[in-house]
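Reviewing the structure listed below.
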Protein chains: 2
Amino acid sequence: MTTMDDFWAVIPAGGAGTRLWPLSRRTSPKFLHDLTGSGQSLLRATWERLSGLAGDRIMVVTGQPHADAVRAQLPMLHLDAVVAEPSPRDSMPAIGLAAAILERRDPEAVLGSFAADHVITEVDAFASAVREAVVLARQGDLVTIGVEPTHAATGFGYIREGEPLGVAGAESGRRVREFVEKPDAATAQQYVDSGEFRWNAGMFVVGATTLLELLAETHPDLTANLRIIASDPRRMHDLWPTLPKVAIDHAVAEPAAAAGRVAMVPASFGWNDIGDFASLATILAEADGAPPLRVIAGEDDVVAIDSTGLVAADSGRTVAVVGLDDIVVIDTADALLVTTMARSQDVKKVVEELQQRGRTDLT
Amino acid sequence: MTTMDDFWAVIPAGGAGTRLWPLSRRTSPKFLHDLTGSGQSLLRATWERLSGLAGDRIMVVTGQPHADAVRAQLPMLHLDAVVAEPSPRDSMPAIGLAAAILERRDPEAVLGSFAADHVITEVDAFASAVREAVVLARQGDLVTIGVEPTHAATGFGYIREGEPLGVAGAESGRRVREFVEKPDAATAQQYVDSGEFRWNAGMFVVGATTLLELLAETHPDLTANLRIIASDPRRMHDLWPTLPKVAIDHAVAEPAAAAGRVAMVPASFGWNDIGDFASLATILAEADGAPPLRVIAGEDDVVAIDSTGLVAADSGRTVAVVGLDDIVVIDTADALLVTTMARSQDVKKVVEELQQRGRTDLT
């Protein structure tokens with residue numbers, strides 16, 4: 001695989017959801033964990049996917065509490081390739097700062113932003129889509145990758161596609177008409193049936209300077225401050241806390257789409273942002289078929305009899321499951337979760353209960 | 001509560017079933033564990049129940065591998081009150097040896113045999129029944145206690161009652177017509193509907209010498225050998241391995257019933273021999289109502305949301321259960337079981353699987 005010399009991969013590694021507890025914790029978010037049983041963490045898998053495209057031009061933007069863990073998992077990164085945010089400011093300041101740093105290194109830099117905690121099961125298809133996206137980005141568009149829906153999901157935003165662009169080297173590229181929010185079930189079904197909509201996987205490929213120019217149209221102060229921090233990292237301390245919390249979708253992608261500045265590369269790799277254990281099981285089953293009971297950690301420690309679902313035996317103890325369908329058993333050193341696929345969204349209630357009990361050591 | 005000077009309680013503490021795994025193990029059978037959340041093991045609870053009737057005239061007959069654990073749990077017992085069997089020989093040699101030892105100490109001794117691993121929830125009713133049984137035993141009968149069935153159980157044998165005996169001090173005593181084996185569901189329903197049948201809880205109250213005389217009618221050699229061992233404990237080593245494996249029901253109770261020598265005291269306390277986690281949950285619910293989710297260990301470590309069933313949090317870890325009905329979660333230091341009430345008999349399959357994998361350390 002050949003890398004693209006002007007392409008820089010940016011990995012926003014933020015977020016500390018509670019719906020993958022007890023594997024994911026406040027102090028140890030899901031991107032640090034091997035949630036798929038692949039043998040590497042989601043962060044490592046993200047890095048590996050991108051290194052074939054970007055070589056060593058990979059940056060990670062993460063919260064200060066997680067910077068050391070990120071460096072430990074990715075020791076091959078340059079020291080300055082891990083950018084630590086003093087506080088969470090949502091995706092726009094994180095990706096915008098990466099853009100401001102990159103445009104100083106390479107005025108022609110094209111950056112691709114890919115979250116650290118997504119699961120992608122067909123890496124070749126992903127790589128092909130990114131290569132086409134880079135071609136389109138070089139022409140000045142903000143480019144996103146539209147994932148072909150496999151079902152009428154209500155947990156993702158959608159992208160409505162426009163006409164083909166007919167660009168050489170990016171033959172599947174199309175204009176984006178609009179981004180739409182997470183739909184209800186009926187609307188999601190209409191989207192899928194229409195054939196016009198694709199899942200918004202939050203992947204953006206765009207020239208670093210193009211991104212900052214688009215951002216300057218809606219947030220000129222934010223853009224200026226990001227460029228100041230990039231030119232003088234000592235200003236991170238005083239300026240970062242003043243930045244607005246804003247998502248790249250609202251700050252840039254939606255207004256740019258309305259202005260006809262967004263392109264999309266459609267793709268059909270397996271993708272999921274793992275909102276809960278049920279979606280994790282779904283994406284793994286799409287990738288390689290559904291075994292009766294999927295074990296994502298400690299395969300040798302599991303005894304399963306007449307059972308289906310998802311098991312993590314992550315404590316070294318033996319886990320026996322007898323006569324349960326669609327069960328979720330997540331066994332860790334200090335906490336155990338037992339629930340079902342259907343109820344896996346409610347895991348966040350456990351975290352709330354533990355916080356009320358003062359057991360923040362477990363959350 | 002006054003004790004009865006001629007009454008000796010014998011506690012056979014044997015058996016190592018696999019259906020309460022992972023709480024109960026080969027090396028640590030269920031009688032050593034607090035299965036009910038009462039704060040004491042089944043053995044301790046059995047001792048406590050009997051000490052009000054027998055004072056310090058209590059003997060435990062157990063397997064050699066468990067003798068130290070029994071002594072540790074019952075330090076108040078005389079040293080010679082724990083009889084260690086070199087190998088399992090079923091219930092008749094165990095109880096028969098106790099009888100042979102007791103008749104040497106007190107020719108008038110009445111012994112009551114009560115398994116170490118049963119759960120009894122109304123102790124006063126139990127005590128009253130035993131007192132009546134002792135009265136009947138003094139008259140030369142083998143006396144059993146017939147537990148009033150609360151449902152058409154297929155997991156227990158039944159006792160068919162005969163006419164009232166009209167003995168002063170044992171007013172509820174009746175003749176036993178026969179013992180019958182575990183019935184199928186239809187037969188069990190007929191038994192319960194007839195009002196003539198009671199559960200055989202395996203409790204026997206009988207003069208020590210009477211028991212040996214009854215035994216001598218069917219097993220003269222066994223009887224003689226038990227008396228030899230009682231007179232010279234050094235003979236345990238060579239004689240015990242030659243004894244037949246036989247249950248007291250077949251060796252004595254059934255033939256004595258056919259000969260009109262068995263009496264019964266009917267009683268209606270809560271009783272169960274805890275064949276599996278479902279029967280444990282049932283007996284606990286009968287005793288004090290059914291909470292949505294019963295926790296038998298580690299109450300403070302359990303977070304339950306919209307769930308019913310049985311949980312043991314016996315490892316110190318937090319156990320969270322979300323959206324599951326009739327679930328069984330047994331969490332121990334080295335093994336975890338997740339199953340349902342309906343499938344709890346199949347826990348033995350887990351133990352078989354672990355043995356096949358060579359993980360006898362866990363069984």
Side-chain angles (χ1 to χ4, degrees), chain A residues 18-19 21-22 276-278 293 298 300-307 309 311-359 361-363, chain B residues 18-19 21-22 276-278 293 298 300-307 309 311-359 361-363:
Chain A
T18 58
R19 285 174 301 185
W21 182 91
D276 56 35
F277 288 113
L293 189 83
D300 292 347
D301 291 327
V302 175
V303 177
I305 294 172
D306 300 340
S307 296
V311 171
D314 207 26
S315 72
R317 305 178 324 142
T318 290
V319 175
V321 183
V322 181
L324 284 155
D325 279 322
D326 287 335
I327 193 76
V328 173
V329 178
I330 309 295
D331 184 51
T332 72
D334 58 357
L336 163 68
L337 167 72
V338 182
T339 187
T340 61
M341 295 289 184
R343 293 298 296 270
S344 60
Q345 283 275 330
D346 289 331
V347 170
K348 60 179 184 285
K349 294 182 182 173
V350 174
V351 177
E352 289 163 10
E353 171 70 20
L354 287 170
Q355 284 167 346
Q356 280 175 19
R357 293 189 189 180
R359 292 303 304 273
D361 58 311
L362 292 174
T363 64
Chain B
T18 57
R19 284 174 302 185
W21 183 91
D276 56 36
F277 289 113
L293 189 83
D300 293 346
D301 291 327
V302 175
V303 177
I305 294 172
D306 300 341
S307 295
V311 171
D314 207 24
S315 72
R317 306 180 320 143
T318 289
V319 175
V321 183
V322 181
L324 284 155
D325 280 323
D326 287 336
I327 193 77
V328 174
V329 177
I330 309 296
D331 183 51
T332 73
D334 57 357
L336 162 70
L337 169 71
V338 182
T339 187
T340 62
M341 295 290 185
R343 293 297 298 270
S344 60
Q345 283 275 329
D346 288 331
V347 170
K348 60 179 183 286
K349 294 182 184 172
V350 174
V351 177
E352 290 163 10
E353 171 69 21
L354 288 170
Q355 285 168 342
Q356 279 175 18
R357 292 189 190 180
R359 293 302 306 271
D361 58 310
L362 292 173
T363 63

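Given the structure is predicted, the values throughout are model-derived calculations rather than measurements. Residue numbering restarts at 1 for every chain, and letters A, B, ... go by the order of the sequence lines.
- At least one donor-acceptor pair under 3.5 Å links the side chain of Arg317(A) to the backbone N or O of Thr332(B).
- In this structure, Val322(B) and Val328(A) have side chains that are not in contact, with every pair of non-hydrogen atoms separated by 4.5 Å or more.
- Shortest non-hydrogen contact noted between Thr339(B) and Leu324(A) is CA-CD1, 3.7 Å.
- For Ser307(B), no part sits under 4.5 Å from any heavy atom of chain A, backbone or side chain.
- Using a 4.5 Å cut-off between heavy atoms, Leu337(B) contacts chain A through both its backbone and its side chain.
- Listed by chain and number, the residues in a side-chain contact (heavy atoms from CB on, under 4.5 Å) with Asp306(B) are Arg343(A) (sequence neighbours excluded).
- Heavy atoms closer than 4.5 Å to chain B are found in the side chain of Leu362(A), but not in its backbone.
- Residue Val302(B) touches chain A through its backbone alone, counting heavy-atom pairs closer than 4.5 Å.
- Looking at Val319(A), the atoms closer than 4.5 Å to chain B (heavy atoms on both sides) sit in the backbone and in the side chain alike.
- Using a cut-off of 4.0 Å between Lys/Arg side-chain N and Asp/Glu carboxylate O, Arg357(A) and Asp300(B) are scored as not salt-bridged.
- Residue Leu354(A) touches chain B through its side chain alone, counting heavy-atom pairs closer than 4.5 Å.
- Using a 4.5 Å cut-off between heavy atoms, Ile327(B) contacts chain A through its side chain alone, with no backbone atom that close.
- Between Ala320(A) and Val350(B), the closest heavy-atom pair is CB-CG1, 3.5 Å.
- Residues forming a side-chain contact (heavy atoms from CB on, under 4.5 Å) with Asp326(B) (at least two apart in sequence, or on another chain): Thr308(B), Met341(B).
- Ala333(B) touches chain A through its backbone: at least one of N, CA, C or O sits under 4.5 Å from a heavy atom, while the side chain does not.
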